[in-house]
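Letters A, B, ... are given to chains in the order of the sequence lines, protein chains preceding strands, and every chain is numbered from 1.
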Amino acid sequence: MAELRLTNTLTREKEIFEPRDPERITLYVCGPTVYNLAHIGNARPVVVFDMLYRVLRALYPQVIYARNITDIDDKIIAAARDRKEGIEAVTQEFTEKYREDMAQLNTLPPDLEPRATDNIDPMQSLITQLIERGHAYAADGHVLFDVTSMSSYGALSGRNLDDMLAGARVEVASYKRSPGDFVLWKPSSQDEPGWQSPWGWGRPGWHLECSAMIRAHLGDAIDIHGGGRDLIFPHHENERAQSCCGYGGDFVRYWLHNAYVDMDGEKMSKSLGNVRTVRELLGLYAGEVLRFALLSTHYRSPLNFSGELLDNAKTALNSFYQALRNSADIEAEHIRPEDTAAFTALLDDLNTPKAIAALHSSCKALNKADAKMAATFKGELLAMGRMMGLLGNDPEQWFTDSASSSGPTAEDIEHRLAARLEARARKDFAAADAVRDELQAQGIELEDGPEGTTWRRL
RNA sequence: GGCUCGGUGGCAGAGUGGUAAUGCAGCGGAUUGCAAAUCCGUCAACGCCGGUUCGAUUCCGACCCGAGCCUCCA
């Protein structure tokens with residue numbers, strides 16, 4: 001079988017992927033905290049790990065992909081307070097919107113989507129276990145993980161406790177034994193959401209849910225755990241500490257992390273006011289354009305998001321769909337995605353730019369091919385597109401649907417094209433060109449081909 | 001301060017111990033009534049300085065520059 005290679009954050013090396021059980025692959029990706037709309041940076045890991053999910057499904061009979069919904073968190077509590085609603089109203093609204101937005105990016109839904117609030121019991125038993133094993137302690141209404149109790153704490157993020165102490169720049173809460181200790185359970189006031197526990201009315205710490213839910217839904221240990229680079233520390237480091245110390249074992253074999261999305265060369269942040277939500281961008285560009293843009297850089301490199309990036313993505317997709325449109329009457333040969341150059345590229349640590357190059361190569365071959373070879377190249381192009389979650393739209397629709405509601409209707413355009421056709425037949429090119437210029441001004445581009453005139457929205 | 005990652009043509013972006021993918025843009029041509037789309041051709045790059053080597057963009061070291069993380073931010 002073809003070998004999949006992945007860069008493991010834990011070892012900092014590209015390794016051959018060897019599953020625990022080839023019959024059952026387990027993948028867990030950190031999902032959203034549902035208190036606002038997902039921005040384009042939130043979408044990157046979703047698209048990247050969707051790509052991985054698709055590759056894994058092509059290689060193995062069963063892949064279980066879990067992505068959590070964090071529906072209890074201080075930011076959620078704050079948002080609910082602002083809106084004078086319960087947290088359920090907030091989390092339900094943004095969970096739904098998140099699912100809708102991610103579906104627009106043509107990402108497959110995960111097999112499991114566990115919610116933190118449905119898993120309070122497993123979290124509490126994990127805390128109990130950690131306390132019993134001497135890795136956690138209760139203090140001042142909190143339960144804290146004792147980082148000094150784990151010799152390999154810091155292994156994932158490549159730090160040690162001394163470094164962290166040296167770099168500490170935040171005042172340490174008085175109830176912590178050592179500054180690196182982190183919260184497993186925190187007290188809630190009476191008007192805050194909470195649950196009864198052996199340590200009083202309270203709520204779980206952030207890292208806890210992933211450890212508990214992985215155990216509850218996937219098992220003691222999983223193959224791959226993914227997320228954004230920023231999660232390496234503290235989130236994944238702490239998750240690893242909780243699971244390794246609470247349950248024993250390796251917990252995760254391969255840790256994968258994607259780099260950030262920057263906006264026009266700057267970090268995306270609320271204070272800079274350059275946060276772009278997926279929903280907002282979907283009003284301007286097709287979801288497939290956003291997906292393509294997110295895949296155009298290797299996942300471990302920073303991606304600079306800009307209008308130019310999106311325009312390039314759109315241009316590239318246009319050329320693919322153009323080739324498909326031009327070969328509409330040719331029946332594509334059936335080709336297995338696993339047999340394509342794009343798949344080979346993806347096996348090498350998800351080399352999506354290289355896979356895209358393969359797309360271009362087949363597209364060009366299709367454009368040049370005679371009728372017989374065209375079937376093969378078209379099949380190739382479509383197979384690779386299928387593999388990558390691209391090119392699934394109808395080519396005709398791709399060019400004639402509009403992302404916005406402005407612009408002339410299809411009927412209107414066809415009507416004017418008929419008039420232009422007549423003018424051309426009369427060799428009245430001035431009149432014909434006038435129609436074309438007028439449509440061009442309204443964002444419609446015409447193409448006169450041997451079999452008539454086609455049009456597309458720009 | 002500690003830790004981590006990166007610097008490839010005008011732009012985007014792969015990759016390699018030995019002629020440096022691909023796309024966009026540019027230029028020339030074919031095609032077209034003119035365009036568009038497509039095709040053909042073409043220009044152009046490995047931050048800096050040492051080291052290892054027959055040979056370094058690729059490995060090692062220093063330097064310069066940029067990015068990220070350092071307790072709840074994807």
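Within the 4.0 Å cut-off from OP1 or OP2 of B:G13, at least one side-chain nitrogen or oxygen of A:Thr297 is found. In this model, the phosphate group of B:C40 is approached by a side-chain N or O of A:Lys364 to a distance below 4.0 Å at OP1 or OP2. Look at A:Asn351 and you'll find a side-chain N or O under 4.0 angstrom from OP1 or OP2 of B:G15. At B:C69, one or more side-chain N or O atoms of A:Tyr260 fall inside 4.0 Å of OP1 or OP2 (strictly under the cut-off). Between A:Asn367 and the phosphate of B:U38, there is no side-chain N or O to OP1/OP2 separation shorter than 4.0 Å. Between A:Lys186 and B:C72, a side-chain N or O to OP1/OP2 separation shorter than 4.0 Å is absent. Listed pair A:Lys314 / B:C24 fails the phosphate criterion, with no side-chain N or O lying under 4.0 Å from OP1 or OP2.
Base pairing annotation: B:G61 forms a Watson-Crick or G-U wobble pair with B:C49, both donor-acceptor distances under 3.5 Å. Under the Watson-Crick and G-U wobble criteria, each requiring two contacts below 3.5 Å, nucleotide B:G41 is paired to B:C27. Across all strands shown, nothing is found opposite B:A35 as a Watson-Crick or G-U wobble partner with both distances under 3.5 Å. Of the nucleotides present, B:C5 is the one that pairs with B:G66 by Watson-Crick or G-U wobble criteria, both distances under 3.5 Å.
The nucleotide whose nearest atom lies closest to any side-chain atom of A:Asp448 is, among B:A37, B:U22, B:G33, B:G33.
The 5' end of RNA chain B is approached more closely, in terms of each residue's nearest nucleotide, by A:Pro302 than by the other of A:Pro302 and A:Asn312.
As rounded to whole Å, 13 Å separates atom P of B:U32 from atom NZ of A:Lys427. Atom pair A:Glu447:CD and B:U32:P shows a separation of 16 Å (rounding to whole Å applied). Taking atom NE2 on A:His360 and atom C1' on B:A12, their separation rounds to 11 Å, with Å as the unit.
Within a heavy-atom distance below 4.0 Å of RNA chain B, no residue of residues 377-387 of chain A is found.
Nucleotides B:U32 and B:U42 are separated by 23 Å at their C1' atoms, to the nearest Å.
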Audit row: A:Arg416, A:Arg436, side chain to side chain contact (heavy atoms under 4.5 Å, CB included) steps and yes/no: CA-CA 9 Å; A:Arg416 286 195 260 172; A:Arg436 185 172 61 198; over 6 Å; no
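Evaluation of atom-type donor-acceptor distances gives no pair under 3.5 Å for the side chain of A:Arg229 against the base of B:C5. The base of B:A35 is paired with the side chain of A:Arg436 by a donor and an acceptor separated by under 3.5 Å.
Using a 4.0 Å heavy-atom distance criterion, A:His257 is classed as making no nucleic acid contact.
Taking the ring centre of A:Tyr28 as origin, the terminal cationic atom of A:Arg67 falls outside the region bounded by 6.0 Å and 45° from the ring axis.
For the residue pair A:Glu239 / A:Ser243, no side-chain donor-acceptor distance below 3.5 Å is found, with atom types taken as modelled.
Here A:Asp311 pairs with A:Tyr285 under the side chain to side chain donor-acceptor pair (under 3.5 Å) rule; sequence neighbours left out.
Contact annotation: the side chain of A:Asp437 never approaches that of A:Leu439 to less than 4.5 Å [non-hydrogen atoms, C-beta and beyond].
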